[in-house]
Amino acid sequence: MTTGTPLGELRIDIDRLQQRLADLAAIGAIEGTEGCARLALTDEDKEGRDLVVAQMRDLGLQVTIDGIGNAVGVMAGQTDGPPVMTGSHIDTVRTGGRYDGNLGVLAGLEVIETLKSAGVTPKRPLAVAFFTDEEGARFPPDMLGSLVFVGGMPLEEALEIEGIDGPTVGAELTRIGYDGSAPLPAAPPHAFVELHIEQGPVLEVEGITIGAVTGVQGISWQEVTVTGQSNHAGTTPMGMRRDPGYVAAACASFVRDLVLDIGDPQVGTIGRVEFHPNLVNVVPASATFTVDLRNTDETVLQESERRFADFLAKTAEAEGCSVETRELARFEPVIFDPAVVDIVEQGAKDLGHTVLRMPSGAGHDAQMLARVCPTAMVFTQSKNGLSHNPLEYTAPADLEAGANVLLQTMITLSEA
Ligand code: GLV
Ligand code: MN
Ligand code: MN
């Protein structure tokens with residue numbers, strides 16, 4: 001129901017959206033850049049949460065916080081029942097940009113404000129959520145909050161996860177006051193749609209404004225610890241070394257060769273390496289590193305895992321080192337609901353935008369929500385394909401286009 005403007009002609013206010021992005025980016029701002037550092041459940045994350053929850057309340061949303069710290073703000077509809085939900089995350093990596101995740105949450109608020117300003121009460125309730133620890137950079141796995149939200153991990157197990165700096169999820173949630181009581185797993189929404197920057201180069205290179213996201217590639221994260229014999233760097237002959245540093249370096253090099261051999265869309269990254277004791281003149285006692293492997297094809301992803309495991313075992317054995325591996329995250333590829341993808345695609349076309357159906361290379365909360373309700377995503381361009389970098393940038397016209405596609409998609413899902 002609407003007063004005045006037909007629903008199809010409603011448009012978001014880009015200045016208001018930009019202001020919200022700037023206000024949130026001011027928290028944990030990385031000096032001299034446009035980026036921010038708000039690792040999950042840190043003081044900066046708490047400050048960002050407080051701001052967004054206050055904005056939800058200012059818009060008259062009914063806000064609930066659950067036991068893993070996910071926040072959901074609901075706008076009542078003409079009917080009761082499960083809401084059409086949007087949202088994303090407001091935690092960032094340590095060297096994050098201001099758009100990754102934040103855009104999806106703040107554009108959701110902008111959708112609500114647009115509807116409120118136009119005097120619209122949607123048929124179904126609408127909800128905007130931010131999910132805890134989407135990045136997984138401090139507390140693996142990624143998408144932790146949305147995983148627990150949909151019942152993919154028991155809350156008790158999630159609360160026990162230790163961060164890379166020591167404390168557990170549970171302790172940090174309590175410390176920042178976001179250990180809420182809304183029930184988990186949550187009741188499934190009617191549908192879920194997430195706006196996100198692409199975080200890759202495809203849309204920009206193709207000169208296309210909107211991505212209608214068809215799914216998310218599978219993700220495999222593991223932590224490898226290689227243990228050898230710490231010794232003097234000057235006196236230990238090469239043939240007598242048991243050097244975990246060498247094994248780690250060989251693995252890093254192998255991952256590059258492996259993914260090139262498999263070919264696109266396989267990707268592989270060694271993102272974190274720690275040597276102990278990490279000194280110039282000491283053969284390391286141990287090396288710990290992470291391996292991130294991704295592919296849209298589960299069979300090929302498994303092949304990449306197997307080939308890496310074989311190389312690791314062989315190389316460590318030849319060097320006289322022992323190996324321990326720990327799974328940090330493992331999610332199979334996800335295919336979104338074609339009907340919701342169609343709505344996104346048609347919404348973009350109706351607004352006069354070029355649109356491409358495409359898979360996502362990054363992990364997203366939407367891939368968890370897809371387990372419990374019809375789900376899809378909207379992508380906007382990322383300048384130079386940069387993300388997880390303070391240089392991350394999306395032009396205002398693209399933000400506006402994406403947020404309007406989100407608005408129209410939510411209207412369609414709510415009114416249908
Ligand atoms: C999470 O956002 C990831 O894709 O690494
Ligand atoms: Mn993200
Ligand atoms: Mn991210």
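In listed order, ligands and their atoms are each counted from 1.
- Protein atoms that are N, O or S and lie under 2.8 Å from the Mn ion (ligand 3) are these: D100 OD2, E135 OE1, E135 OE2, H388 NE2.
- Residue-ligand proximity, A362 to ligand 1, at heavy-atom distances under 4.0 Å covers atoms 4 (O).
- Note: F336 and H364 fail the aromatic proximity criterion, with ring centroids not under 6.0 Å apart.
- Contacts between F331 and ligand 1 below 4.0 angstrom, taking non-hydrogen atoms only, are absent altogether.
- Residue contacts with ligand 1: M143 is placed with no nitrogen or oxygen under 3.5 Å of a nitrogen or oxygen of the ligand (distance criterion only).
- Contact check on R38 versus E134 returns no salt bridge, with no Lys/Arg side-chain nitrogen under 4.0 Å from an Asp/Glu carboxylate oxygen.
- Remark: R306 does not engage D310 in a salt bridge, criterion side-chain N to carboxylate O under 4.0 Å.
- Residues D365 and H89 bring no donor and acceptor atom of their side chains to less than 3.5 Å of each other.
- With respect to E223 and R326, a salt bridge is recorded, a charged nitrogen being found less than 4.0 Å from a carboxylate O.
- Closest heavy-atom approach to atom 1 (C) of ligand 1 among the candidates D142, D292, D365: D142.
- Between R138 and D133 no salt bridge is recorded (no basic side-chain N to carboxylate O distance below 4.0 Å).
- Residues E400 and N404 have side chains that never bring a donor and an acceptor to within less than 3.5 angstrom of each other.
- For the residue pair D23 and Q19, a side-chain donor N or O sits within less than 3.5 Å of a side-chain acceptor on the partner.
- Shown in contact with E135 at under 4.0 Å from a heavy atom are these atoms of ligand 1, numbered in order with element: 1 (C), 2 (O).
- In the model, S286 has no side-chain atom that pairs as donor or acceptor with a side-chain atom of T227 under 3.5 Å.
- For ligand 1, the atoms closer than 4.0 angstrom to any heavy atom of W221 are 5 (O).
- Ligand 1 is approached by R294 to a heavy-atom distance shorter than 4.0 Å.
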